[in-house]
Amino acid sequence: MRTSTPDEDPRARIRARAQALGFEAVRFARAGIPQPAAANLAQFLNEDRHGEMDWLARNPERRADPQVLWPEARSAVMLGMNYGPSASAGVPPAGCGAISVYAQGDDYHEVIKPKLKTLARYIAQEFAADVKVFVDTAPVMEKPLAQEAGLGWQGKHTNLVSREFGSWLFLGSVFTTLDIEPDTREEDHCGSCRRCLDACPTQAFTAPYRIDARRCISYLTIEHKGHIAREFREAIGNRIYGCDDCLAVCPWNSFAANARETRLAARGELARPSLADLAQLDDAGFRSLFRKSPVKRIGRERFLRNVLIAIGNSGDPALAEHPRRLLGDPSPLVRAMAAWALSRLLGPLAFAALRENYLRSEIDADVRNEWARGAAQQ
């Protein structure tokens with residue numbers, strides 16, 4: 001094992017190793033969260049703006065202070081991997097589904113975590129230090145730490161913005177007992193711009209730097225497990241997994257570059273998939289299409305819920321055959337959204353005929369409610 005001399009600065013060597021592994025951004029911070037970030041987290045949780053994301057509310061004291069999570073930690077190596085899209089991040093035509101840019105390639109956890117572990121082993125071996133690896137799966141507030149390290153700043157949409165990579169950075173961190181000189185904290189460069197706030201289809205931002213996740217399309221289509229409230233369905237449009245609207249409009253994206261890591265590049269079949277094709281996926285087909293993709297984690301039922309909302313918003317009666325067929329799906333969640341989609345695509349007489357037929361046998365209260373409300377709004 002090679003150990004460093006007392007006066008040797010490990011920063012350049014760690015940075016070179018991280019860059020060789022594919023991390024475009026590498027900077028250093030103290031292993032601590034600034035008090036305003038901890039206070040913002042407490043307020044976010046106290047106001048229940050996290051919705052069903054119960055994991056955010058577990059062990060908040062550990063999330064708010066890395067020293068509680070790991071008292072021996074002295075430094076955090078903060079790393080960013082660019083996932084900038086090669087094409088526009090805008091919403092595709094109505095007959096296609098919109099999948100968030102980050103989910104069009106392989107699951108970033110599977111791409112980044114092995115690289116973080118390799119870097120952590122290097123630090124442990126070269127500098128005789130203890131290490132721990134984190135990538136979005138542990139109670140670590142990575143965005144405030146990334147700002148402390150100078151990777152970027154938390155914009156008004158609450159996501160990290162980089163002057164070099166715009167909005168498209170995956171974050172990871174290696175905590176270590178090694179005492180490393182920190183980089184300079186990045187300042188806020190949003191100025192008077194509010195494009196991200198104005199772009200949100202569901203008005204999820206109650207103020208600059210303040211989001212109500214319960215209104216966010218990314219939360220609704222990914223984290224929310226049940227029926228999506230009717231007030232949000234039309235605004236969801238054809239977004240079937242996540243939403244990039246607040247990220248895509250950021251002026252700092254003019255400096256962004258395409259992702260270098262090929263596994264993060266969009267797969268052709270996920271860039272703008274056909275809603276008609278997606279509606280026909282059985283469980284095996286869903287798992288096959290989204291193999292290695294983060295989309296797979298939400299399961300077929302929630303995914304088809306999203307697809308049926310997009311079909312209902314398409315305005316294309318030719319797509320009605322798909323929700324009509326899915327009225328017989330085993331999942332009440334899918335059947336309810338099929339009824340809602342048909343209420344948007346069929347004329348009053350055709351919808352009424354279907355409704356009468358299905359209400360004779362349908363016992364699920366949520367599905368019956370969709371039929372009733374769909375009829376009332378026609």
**Item:** Steps toward side-chain contact (heavy atoms from CB on, under 4.5 Å) verdict (W252, F165)
**Value:** CA-CA 8 Å; W252 287 98; F165 303 103; over 6 Å; no
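- The shortest side-chain heavy-atom distance between R13 and F127 falls under the 4.5 Å cut-off.
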### Task
Given side-chain contact (heavy atoms from CB on, under 4.5 Å), test I240 with I99 step by step and report yes or no.
CA-CA 6 Å; I240 57 175; I99 295 176; 3.9 Å; yes
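- With sequence neighbours left out, the salt bridge (charged side-chain N to carboxylate O under 4.0 Å, His left out) criterion links R239 to D245.
- Summarising the geometry, atom CD1 belonging to I123 is positioned 4.0 Å from atom CD1 belonging to I14; distances are rounded to the nearest 0.5 Å.
- Side-chain contact between L345 and S314 is present, with at least one heavy-atom pair separated by less than 4.5 Å.
- With values rounded to the nearest 0.5 angstrom, W70 atom CH2 is found 9.0 Å from F175 atom CZ.
- For the atom pair CZ of R263 and CE of M81, the computed distance is 8.0 Å after rounding to the nearest 0.5 Å.
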- Message: Walk me through whether R163 and E186 qualify under salt bridge (charged side-chain N to carboxylate O under 4.0 Å, His left out).
- Response: CA-CA 10 Å; R163 287 192 284 182; E186 179 64 280; 3.3 Å; yes
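- For the side-chain hydrogen bond (donor to acceptor under 3.5 Å, both in side chains) test, no residue two or more places apart in sequence or in another chain qualifies with Y83.
- When each of L304, L289, L308, I311 is checked for a side chain to side chain contact (heavy atoms under 4.5 Å, CB included) with L278, only L289 meets the rule.
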Would W153 and E187 count as a side-chain contact (heavy atoms from CB on, under 4.5 Å) if you check the C-alpha gap in whole Å, the side-chain angles of each, and the deciding distance to 0.1 Å? CA-CA 6 Å; W153 69 96; E187 298 301 320; over 6 Å; no
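- Here CD of E356 is found 10.0 Å from CZ of F351. Values are rounded to the nearest 0.5 Å.
- Here the closest non-hydrogen pair linking G80 and L151 is N-CD2, 3.9 Å.
- By the 30° and 60° cut-offs, the orientation of the rings of Y102 relative to Y241 is tilted.
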(message) Let's go through E370 and R233 carefully: what are the C-alpha distance in whole Å and the side-chain angles of both, what is the deciding distance for salt bridge (charged side-chain N to carboxylate O under 4.0 Å, His left out) to 0.1 Å, and is it a yes or a no?
(response) CA-CA 13 Å; E370 289 298 337; R233 292 177 195 169; 3.0 Å; yes
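- Counting heavy atoms from C-beta on, the side chains of N306 and I228 come closer than 4.5 Å.
- To the nearest 0.5 angstrom, N253 atom CG is 10.0 Å from S162 atom OG.
- For the atom pair L270 CG and S100 OG, the distance stands at 12.0 Å (nearest 0.5 Å).
- No side-chain heavy atom of E261 sits less than 4.5 Å from a side-chain heavy atom of Y108.
- When the side-chain hydrogen bond (donor to acceptor under 3.5 Å, both in side chains) test is applied to R49, the partners found at least two apart in sequence or on another chain are E47.
- A 4.5 Å side-chain heavy-atom check between F255 and E164 finds every atom pair outside the cut-off.
- In this structure, the side-chain hydrogen bond (donor to acceptor under 3.5 Å, both in side chains) partners of D198, at least two apart in sequence or on a different chain, are R194.
- Listed by first then second residue, pairs satisfying salt bridge (Lys or Arg N to Asp or Glu O under 4.0 Å) with a partner in residues 166-181 read R30-D179, not counting sequence neighbours.
- Not one N or O on the side chain of R272 forms a donor-acceptor pair closer than 3.5 Å with the backbone of P93.
- A donor and an acceptor atom, one from each side chain of R121 and T118, are located under 3.5 Å apart.
- Side chain of T176 to backbone of D130: a donor-acceptor contact under 3.5 angstrom is found.
- Not one N or O on the side chain of N369 forms a donor-acceptor pair closer than 3.5 Å with the backbone of A365.
- Closest heavy-atom contact between E148 and P34: OE2-CG, 3.6 Å.
- With D107 as the fixed residue, the side-chain hydrogen bond (donor to acceptor under 3.5 Å, both in side chains) test singles out one of K113, K292, R297: R297.
- Without hydrogens or angle criteria, H322 side chain to R325 main chain gives no donor-acceptor distance under 3.5 Å.
- Nearest heavy atoms, A120 versus V133: CB-CG2, 3.5 Å.
- Shortest non-hydrogen contact noted between G191 and K156 is O-NZ, 2.8 Å.
- In this structure a side-chain-to-backbone donor-acceptor pair under 3.5 Å is present from N238 to P92.
- Side-chain N/O atoms of N313 and R344 include a donor and acceptor closer than 3.5 Å.
- No single ILVMFWY cluster, assembled from side-chain heavy atoms under 4.5 Å apart, contains both V161 and L247.
- Formation of a donor-acceptor pair under 3.5 Å by the Q147 side chain with backbone atoms of Q154 is found in this model.
- Nearest approach of L178 to P10, heavy atoms of both residues: CD2-CG, 3.8 Å.
- Nearest heavy atoms, I217 versus A235: CD1-O, 3.9 Å.
- Two residues are said to be in side-chain contact when any heavy atoms from C-beta on lie closer than 4.5 Å; P251 and R195 meet this criterion.
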Practice problem: Please report the C-alpha distance between R214 and D48 in whole Å, then the side-chain angles of each, then the deciding distance to 0.1 Å, and finally whether the salt bridge (charged side-chain N to carboxylate O under 4.0 Å, His left out) criterion is met. | Solution: CA-CA 9 Å; R214 297 167 296 182; D48 292 326; 5.4 Å; no
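- Side-chain atoms of E223 and E52, non-hydrogen and from C-beta on, never get closer than 4.5 Å to each other.
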Below 3.5 Å, can you tabulate the donor-acceptor pairs from side chains in residues 19-29 to any protein atom, sequence neighbours excluded?
unit_1: E24; atom_1: OE1; unit_2: N82; atom_2: N; d: 3.0
unit_1: E24; atom_1: OE2; unit_2: R260; atom_2: NE; d: 3.3
unit_1: R27; atom_1: NE; unit_2: A149; atom_2: O; d: 2.7
unit_1: R27; atom_1: NE; unit_2: G150; atom_2: O; d: 3.4

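- Counting only heavy atoms from C-beta outward, the side chains of W340 and R373 never approach each other to under 4.5 Å.
- By the neighbour-count criterion of 12 heavy atoms within 6.0 Å, atom CD of Q203 is sparsely surrounded, having that number or fewer from other residues, nucleotides or ligands.
- A side-chain donor-acceptor contact under 3.5 Å links S75 to the backbone of I180.
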